[in-house]
Amino acid sequence: MSRTLIRVHWDRLFEDLEGQLAAEWEAERAALDAESERLRISKLTLRTRLLLLQQNDAPVTVRLSGGEHHSGRLRAVGADWIAAQPVEGTSALIAPMASVTGVETHHGALLDTLEDVTVAADGLRERMTLGFLMRDFARRRLAVRVALTDGDVLHGTIDRAGQDHLDLAVHDAGEARLAGAVRAFRIVPFTTLRWLRTAGSAISA
């Protein structure tokens with residue numbers, strides 16, 4: 001075999017080896033990238049993904065315990081609650097996170113919540129619990145409509161709110177909270193709340 005043929009033979013051999021090595025490196029890098037992505041996604045929280053849906057103004061359908069669903073846009077994500085703006089109307093729908101069974105959106109918006117982006121920090125709202133929100137509603141004497149897990153839907157005004165419950169003065173919708181209008185007083189544990197709707201826009205976007 002001539003030297004030229006020998007050189008060609010070795011050149012081809014090394015090219016083949018280099019190709020195999022490059023393919024193995026590429027496969028290893030792809031595996032590491034995939035594992036790194038799985039690890040990153042494993043650290044995502046529901047709250048972070050909901051914040052991204054809110055930030056992107058994505059259309060959503062919030063599904064709640066009992067089979068209810070409400071379509072609109074997320075306007076706030078608190079420590080343990082969300083606020084949604086319905087498709088029609090200005091009345092904010094407040095739902096404890098514990099009553100949310102799912103949030104539907106289109107596939108593109110869903111994938112956007114997996115992107116490696118930084119969510120604008122909002123330390124105050126992140127610490128704003130449902131109890132804090134209900135105490136603010138009580139301070140403002142907001143009329144509310146409350147849906148409970150036992151199927152009851154009540155109208156009234158929140159008189160006060162504790163850490164895990166609220167006091168509701170029950171009266172007809174459209175009536176002011178006057179002594180003669182109040183039909184009952186009820187202590188409502190937060191764990192029994194499916195949703196709460198304000199008479200007007202109470203949550204800023």
Side-chain angles (χ1 to χ4, degrees), residues 29-137 139-140 142 144-149 158 161 163-164 166 189-205:
R29 183 164 54 250
L32 288 173
D33 288 345
E35 181 60 28
S36 176
E37 179 66 0
R38 282 192 292 269
L39 180 61
R40 185 186 68 81
I41 290 176
S42 74
K43 295 178 180 178
L44 286 175
T45 65
L46 173 61
R47 187 175 189 279
T48 296
R49 299 186 72 185
L50 294 179
L51 280 169
L52 285 170
L53 286 175
Q54 176 198 342
Q55 181 176 295
N56 297 333
D57 199 32
V60 299
T61 297
V62 178
R63 294 196 169 271
L64 303 174
S65 57
E68 282 187 76
H69 56 88
H70 301 268
S71 297
R73 312 269 174 165
L74 290 178
R75 289 298 178 238
V77 180
D80 54 357
W81 56 272
I82 61 173
Q85 186 72 45
V87 174
E88 296 181 357
T90 60
S91 177
L93 180 85
I94 313 298
M97 204 74 80
S99 75
V100 176
T101 61
V103 177
E104 294 181 2
T105 188
H106 61 79
H107 193 228
L110 182 70
L111 293 179
D112 286 344
T113 67
L114 299 175
E115 292 296 323
D116 191 8
V117 296
T118 302
V119 179
D122 190 348
L124 180 60
R125 188 165 291 177
E126 188 172 341
R127 296 192 299 272
M128 195 181 293
T129 64
L130 187 62
F132 182 93
L133 186 65
M134 294 301 101
R135 285 188 288 277
D136 178 67
F137 286 7
R139 178 182 60 81
R140 290 195 268 167
L142 289 178
V144 296
R145 186 178 181 211
V146 178
L148 306 179
T149 54
I158 300 173
Q163 182 177 4
D164 56 1
L166 60 85
F190 291 159
T191 54
T192 68
L193 281 177
R194 277 207 327 273
W195 53 261
L196 178 147
R197 193 184 289 276
T198 60
S201 181
I203 303 296
S204 59

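Remember, it's a predicted structure, so these values are computed and weren't measured experimentally. Scope of the values below: all heavy atoms of this structure, side chains included, with no hydrogens, waters or symmetry mates.
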> Rounded to the nearest 0.5 Å, how far does CZ of Arg197 lie from CG of Leu93?
Replying inline: 5.0 Å
> Which pair of non-hydrogen atoms, one from Trp195 and one from Glu68, has the smallest distance, and what is that distance?
Replying inline: NE1-OE1, 2.8 Å
> How close do Thr105 and Ala109 get, heavy atom to heavy atom, and via which atoms?
Replying inline: OG1-CB, 3.4 Å
> Which value, rounded to the nearest 0.5 Å, describes the distance between Leu52 atom CG and Leu110 atom CG?
Replying inline: 11.0 Å
> Is it true that Arg49 and Asp112 make a salt bridge, defined as a side-chain N closer than 4.0 Å to a carboxylate O?
Replying inline: no
>> Could you check whether Ser71 and Thr61, counting side-chain N and O atoms only, form a donor-acceptor pair closer than 3.5 Å?
In response: yes
>> To the nearest 0.5 Å, what is the distance between CG on Leu133 and CG on Leu166?
In response: 10.5 Å
>> Between Asp80 and Thr129 (side chain of the first, backbone of the second, donor and acceptor by atom type, cut-off under 3.5 Å), is there such a pair?
In response: no
> If you look at every heavy atom in Leu74 and Leu53, which pair is closest and at what distance?
Replying inline: CD1-CB, 4.0 Å
>> Quick one, Arg75 with Asp57, criterion side chain to side chain contact (heavy atoms under 4.5 Å, CB included). Give me CA distance, side-chain angles, the key distance, then yes/no.
In response: CA-CA 8 Å; Arg75 289 298 178 238; Asp57 199 32; 2.9 Å; yes
> If you measure from CZ on Arg135 to CD1 on Ile158, what distance do you get to the nearest 0.5 Å?
Replying inline: 11.0 Å
> Do the side chain of Trp81 and the main chain of Ala76 share a donor and acceptor less than 3.5 angstrom apart?
Replying inline: no
> If you take all heavy atoms of Ser99 and Ala95, which pair is closest and at what distance?
Replying inline: OG-CB, 4.0 Å
> Taking side chain as C-beta onward, heavy atoms only, is Leu193 less than 4.5 Å from Leu130?
Replying inline: yes
> Is there a side-chain contact between Leu46 and Met97 (heavy atoms, below 4.5 Å)?
Replying inline: yes
>> So which atom in Val77 and which in Arg47 form the shortest heavy-atom distance, rounded to 0.1 Å?
In response: O-NH2, 2.9 Å
>> Pair Val100, Leu64 - check side chain to side chain contact (heavy atoms under 4.5 Å, CB included), show working.
In response: CA-CA 5 Å; Val100 176; Leu64 303 174; 4.0 Å; yes
> Just wondering, more than 12 heavy atoms not from His106 lying within 6.0 Å of its NE2?
Replying inline: yes
> Checking Arg63 side chain against Val103 main chain: does a donor-acceptor pair fall under 3.5 Å?
Replying inline: no
>> To check you understand the geometry: which heavy-atom pair defines the closest contact between Met134 and Ala161, and what is its length?
In response: CB-CB, 3.6 Å
>> As an exercise, state the distance from CD of Gln54 to CZ of Arg73, rounded to the nearest 0.5 Å.
In response: 12.5 Å
